2 protein chains.
Amino acid sequence: MNSARPKDKTSPHRTRIQRKNREAILDAALDVFSTDGFRGATVDRIAQAAGLSKPNLLYYFPSKEAIHLALLSGLLDRWLAPLQALDPTGDPVEEILRYVRRKLEISREMPRESRLFANEILQGARHLQPTLETVLKPLVDEQAAVIEGWMREGRIATLNPYHLIFSIWSLTQHYADFDVQIRTVLGEAEGDPFPEAQRYLVTLFTRMLKP
Amino acid sequence: MNSARPKDKTSPHRTRIQRKNREAILDAALDVFSTDGFRGATVDRIAQAAGLSKPNLLYYFPSKEAIHLALLSGLLDRWLAPLQALDPTGDPVEEILRYVRRKLEISREMPRESRLFANEILQGARHLQPTLETVLKPLVDEQAAVIEGWMREGRIATLNPYHLIFSIWSLTQHYADFDVQIRTVLGEAEGDPFPEAQRYLVTLFTRMLKP
DNA sequence: TGAAGGTTTGACCAAATGGTCAGGATCACG
DNA sequence: CGTGATCCTGACCATTTGGTCAAACCTTCA
């Protein structure tokens, strides 16, 4: 049979070429999806950005949707790893600040991923909804319990732990997702807004968590 | 000449029908653009949602882009009105809290508009960039100066006023833009997250602004 | 070297998309 | 009522889109 697909996309047995091209495709797709959204992205643009012809791209991924799913599925794990790292035995303020800093770092280092995620949620989480329920919610429940524990012990000020987590996500991701707006308001001359953002957020959370 | 366009779209002299249909189109377009983004939206879907045929829709607006622009241009003003209302002679904490509350109200009452705006910024502000520079930036500069004045007088704690404004936008808009995620994490049983969000944000800003 | 299997492509397709147009239906108003 | 302006539609068009296919082209390795 001609024009066969690569034997098994999830198999570790991949040619050098296969690895290289799959990587190039995912990187290009991240560019395109994160700036145009799923429906706005076209396979042609992704292929072009990856330096491949469209049929060649579709040799590696069976459809546009498959590329999107491949990106999303890899994303949530890396997204949530730092939350998982909250140490119940550590110093509460330091633990939360560490999470905030790490999350802000991610916004600076992986803004495309942040925007891809934002696009997906913004447009109703059509592909990610199940994962949110089965992966995100339990993890947040767990960590909210840890934070609530700290509050009960009087080690940090009392606040709704869920909304505390939301506010960390919101504040840190904002610097990736609304980058254009922030740079416009600050003026291009200001340079990188992230260092000041980090100082600001550390101050903010320190103040609000002080018992 | 046949198939003429309505004489002047900006003119106040509009038929009853024209007003009704333009309104229906803009409302439908808000639905579609805010959930699919500009490129992902189709004229057909907008027309269908508005209860019109595609040619009929294009009788009222010359193009898809024109509808999008009509929505965006009306948006930023309403978006910024509450920021403009900061009263330099009022009580600083109360003024800022009033802004926060109002902004959160807007997120609850106009989530589609919030998402439309978020989509536009997220995707690089291709249509709104000039307006951000000429309208948003000067206003923020002005209000940041007001806030900085309050800080110099020692009436609120010292913080970067620009990032303070960013954090208000971020925290309040998050409840509209990431609505799906928030409801999933809290569980549908929890009901409306907004009342608790308001309590949370008021506490947060009160604590961090206390001199 | 040569065959087997992996990779790439040009040509192609059906469906969807933004937009046009001539003419018919309807409305406002003298 | 009638007539001119407004409103609406079916048919149509060029382009773009996601996706397929047969055949050609490379790699690899015995």
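Computed from a predicted structure; not experimentally measured.
Remark: B:Gln18 is not in phosphate contact with D:dT6, judged by side-chain N or O atoms under 4.0 Å from OP1 or OP2. Between B:Tyr59 and D:dC8, a side-chain N or O to OP1/OP2 separation shorter than 4.0 Å is absent.
Of all nucleotides listed (C:dT8, D:dT20, C:dT9), D:dT20 comes nearest to the side chain of A:Leu58. Listed nucleotides: C:dT7, D:dC7, C:dG19. Nearest to the side chain of B:Asn56: D:dC7. Taking the side chain of A:Pro55 as heavy atoms from C-beta on, and the options D:dG19, C:dG10, D:dA11, the nearest nucleotide is C:dG10. Checked against D:dG18, C:dT9, D:dT9, the side chain of A:Val43 finds its nearest nucleotide in D:dG18. Residue B:Ile17 places its side chain closer to D:dC8 than to any other of D:dC8, C:dT17, D:dG19.
Taking all atoms of both residues into account, the shortest heavy-atom contact from B:Ala50 to B:Ala24 is CB-O, 3.8 Å.
Counting any heavy atom pair closer than 4.0 Å across all strands shown, B:Arg16 reaches sugar-phosphate atoms only and no base atom. Residue-level contact check: B:Ala41 touches the backbone only, with heavy atoms under 4.0 Å from sugar-phosphate atoms and none from bases.
Contact of A:Lys54 with D:dG19 (side chain to base): a donor-acceptor pair of N or O atoms is detected under 3.5 Å.
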Check the pair A:Ile182, A:Leu186 against side chain to side chain contact (heavy atoms under 4.5 Å, CB included), reporting the backbone distance first and the verdict last. CA-CA 6 Å; A:Ile182 286 169; A:Leu186 292 179; 3.8 Å; yes
Starting from the C-alpha separation in whole Å, work towards a yes-or-no answer on ring-ring contact (aromatic ring centres under 6.0 Å, His included) for B:Tyr175 and A:His163. CA-CA 10 Å; B:Tyr175 286 96; A:His163 289 260; 5.6 Å; yes
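In this structure, the CZ atom of B:Phe38 is 12 Å from the C1' atom of C:dT17, given to the nearest Å. If you take CZ of A:Arg22 and C1' of C:dT8, they are 17 Å apart, rounded to a whole angstrom. For the pair B:Ile25 CD1 and D:dC7 P, the interatomic distance rounds to 11 Å; values are reported in whole Å. As a whole-Å value, the separation of B:His68 NE2 from C:dG18 C1' is 16 Å. One interatomic measurement links the two molecules: CG of A:Leu52 to C1' of C:dG10, which rounds to 16 Å at whole-angstrom precision.
Using a cut-off of 4.0 Å between Lys/Arg side-chain N and Asp/Glu carboxylate O, B:Arg115 and B:Asp177 are scored as not salt-bridged.
Remark: A:Lys64 fails to qualify as a cation-pi partner of A:Phe33 under the 6.0 Å distance and 45° angle criteria applied to the six-membered ring.
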